[in-house]
Amino acid sequence: MEVTARAPGKIILSGEHAVVHGTTAVAASINLYTSITLRFPSPSETNDTLKLHLKDIGLEFSWPIGRIKEALSELDGIDCSTPTTCSGKFAESISALVEEQNIPEAKIALASGVSAFLWLYTCIQGFKPATVTVTSELPLGSGLGSSAAICVALSATFLAFSKSMSLDKGHQGWLDFGENELELLNKWAFEGEKIIHGKPSGIDNTVSTYGNMIKFKSGSLTRMKSAVPLRMLITNTKVGRNTKALVAGVSERTLRHPDAMTSVFNAVDSISKDLSTIIQAPAPDEISVTEKEEKVGELMEMNQGLLQCMGVSHASIETVLRTTLKFKLTSKLTGAGGGGCVLTLLPTLLSGTVVDKVIAELETCGFQCLIAGIGGKGVQVSFSGSP
């Protein structure tokens with residue numbers, strides 16, 4: 001039997017950067033997914049290795065189970081109902097296992113993700129041979145929560161075959177997890193994120209786990225459900241950015257201009273709160289939906305102007321803004337800025353012809369375009385084959 005889990009990426013609808021300074025931000029899941037399949041060998045197979053296949057980039061790693069057991073023997077019999085942090089000697093042992101794979105220099109950024117995989121698999125499944133295959137619709141390192149989606153999907157896949165969860169393995173199609181199960185796998189995913197990012201906020205993995213939308217402020221997360229079916233064009237500028245440097249730049253600007261920047265942050269806080277109210281309010285008819293989309297677009301436009309005030313825009317982002325504005329569409333950067341991705345609101349009544357023209361023009365600039373629904377379901381699981 002095989003199990004596949006899929007976990008969505010995320011966008012920041014409003015409040016990036018300002019949230020570091022105590023304001024409200026809003027994040028949402030997108031219907032672009034990372035999928036992970038786990039298959040154990042059949043009794044007739046003489047396979048005693050753990051394999052990880054990164055299908056999209058054509059890389060495969062494998063470890064003899066004996067080697068993993070030698071490196072992580074103290075994890076034998078660990079209780080997977082209690083998420084465990086990878087620290088000290090465990091981190092060193094995991095690093096040694098990853099280094100043995102001789103990851104190509106151009107792909108060395110994958111090492112932390114492979115480490116998270118080894119930790120989550122061994123803690124939850126123990127020392128069993130298996131093949132794990134990863135595919136994703138999310139571009140890596142672009143601010144769409146690709147690492148969190150991987151950690152959530154890994155946790156869901158491994159826990160689905162553990163004693164900590166009792167799922168209907170005969171269910172046809174995608175299966176939703178219960179609240180307690182979601183809480184457990186979210187905690188495990190956060191442990192994976194810590195391996196990759198050091199000190200993550202927990203926002204990305206929470207959005208990927210639960211789906212829909214989340215409002216967050218000063219470490220407090222509030223789950224929300226959207227009553228408006230928003231659709232976005234996500235433009236990946238393919239320009240890399242240094243998140244730490246961008247965050248530091250905003251802090252430095254705040255020190256130089258405290259009064260002005262306080263006003264900027266207060267305005268962002270108001271935008272996020274207004275956005276939360278609009279998104280959650282029901283829209284009974286087409287006119288109501290159109291009015292809500294117009295309000296969301298105005299708030300996005302204001303938020304983008306304030307992000308420019310913070311100094312986190314980029315020439316590539318401005319190119320996207322100018323291009324979409326020609327078609328009277330509203331856009332804003334999402335995440336750290338300085339490149340990365342840009343959101344463009346696609347109103348319900350917008351014709352497909354206009355969307356095609358916008359995408360064609362953006363692609364001539366070398367950008368990648370993706371269309372995504374906003375605020376959908378979180379992680380799900382599916383079983384196939386005989387138990």
D168 CG: over 12 foreign heavy atoms closer than 6.0 Å: yes

Residue pair T135, D56: steps toward the side-chain hydrogen bond (donor to acceptor under 3.5 Å, both in side chains) verdict: CA-CA 6 Å; T135 60; D56 299 320; 5.3 Å; no

With ring pair (Phe, Tyr, Trp, His ring centres under 6.0 Å) as the rule and sequence neighbours excluded, what pairs involving residues 258-302 come up? H21-F265

If you look at every heavy atom in P347 and R231, which pair is closest and at what distance? O-NH2, 4.4 Å

How close do V381 and L167 get, heavy atom to heavy atom, and via which atoms? CG1-CD1, 4.1 Å

Contact list for residues 168-211, test ring pair (Phe, Tyr, Trp, His ring centres under 6.0 Å), sequence neighbours left out: none

Looking at side-chain heavy atoms only, is the closest gap between Q304 and L333 below 4.5 Å? yes

Can you tell me which residue pairs pass the ring pair (Phe, Tyr, Trp, His ring centres under 6.0 Å) test with a partner in residues 135-166, sequence neighbours excluded? F40-F161, Y121-F158, F161-F383

Considering all heavy atoms, the nearest A25-S272 contact: CA-OG, 3.8 Å

Ignoring hydrogens and angles, tell me if any N or O in the side chain of S162 forms a donor-acceptor pair with the backbone of L159 under 3.5 Å. yes

Which pairs pass side chain to side chain donor-acceptor pair (under 3.5 Å) with one or both residues in residues 324-344, sequence neighbours excluded? E16-K332, T324-S331, K326-E361, S331-T344

Mark yes or no for whether K225, through its side chain, and N212, through its backbone, hold a donor-acceptor pair below 3.5 Å. no

Would the distance check show the side chain of K128 and the main-chain N or O of D48 forming a donor-acceptor pair, the cut-off being under 3.5 Å? no

Which residues share a side chain to side chain contact (heavy atoms under 4.5 Å, CB included) with S220, sequence neighbours left out: none

Restricting to pairs with a member in residues 268-322, which pass ring pair (Phe, Tyr, Trp, His ring centres under 6.0 Å), not counting sequence neighbours? none

From CA spacing to verdict: side-chain hydrogen bond (donor to acceptor under 3.5 Å, both in side chains), T84, E191: CA-CA 7 Å; T84 307; E191 294 301 332; over 6 Å; no

Would I195 and C86 satisfy side-chain contact (heavy atoms from CB on, under 4.5 Å), going step by step from the backbone distance to the final call? CA-CA 7 Å; I195 293 172; C86 180; 3.7 Å; yes

Pairwise side-chain contact, T82 with K187, heavy-atom cut-off 4.5 Å (strictly under): no

Keeping H53 on the side-chain end and V132 on the backbone end, is there a donor-acceptor pair under 3.5 Å? no

Just checking, is any N or O donor in the side chain of T34 or S136 under 3.5 Å from an acceptor N or O on the other one? yes

What pair of heavy atoms forms the shortest contact from G15 to V268, and how long is it? CA-CG1, 3.5 Å

Can you run down the side chain to side chain donor-acceptor pair (under 3.5 Å) pairs that involve residues 93-103, sequence neighbours left out, and say none if there aren't any? R67-E100

Point-to-point distance, once rounded to the nearest 0.5 Å, from CE of M300 to CG of L13: 7.0 Å

Under a 3.5 Å threshold, yes or no: a donor from one side chain and an acceptor from the other, between S42 and E45? yes

Sequence neighbours left out, what passes salt bridge (charged side-chain N to carboxylate O under 4.0 Å, His left out) with E74? Give chain and number order. K89

Closest heavy-atom contact between C341 and S142? SG-O, 3.4 Å

Which residues satisfy the salt bridge (charged side-chain N to carboxylate O under 4.0 Å, His left out) test with K238, sequence neighbours excluded? none

Tell me every residue that passes salt bridge (charged side-chain N to carboxylate O under 4.0 Å, His left out) with K107, counting only those two or more places apart in sequence or in another chain. none

More than 12 heavy atoms from other groups under 6.0 Å of NZ on K295: no

Heavy-atom closest pair, residues P8 and V379: CD-N, 4.0 Å

Quick test of your reading: applying side chain to side chain donor-acceptor pair (under 3.5 Å), list the pairs with at least one residue in residues 370-383, sequence neighbours left out, ordered by first then second residue. R6-Q380, D176-K377, D176-Q380

From S146 atom OG to L32 atom CG, the distance as rounded to the nearest 0.5 Å: 11.5 Å

Is there a side-chain contact (heavy atoms from CB on, under 4.5 Å) between N266 and T23 once you walk through the steps? CA-CA 7 Å; N266 287 339; T23 70; 5.5 Å; no

Taken in chain and number order and not counting sequence neighbours, the residues that satisfy salt bridge (charged side-chain N to carboxylate O under 4.0 Å, His left out) with K163 are none

Has the side chain of N31 got a donor or acceptor atom that lies under 3.5 Å from a matching backbone atom of G373? yes

Donor-acceptor contact present, side-chain R253 to main-chain C309, <3.5 Å: yes

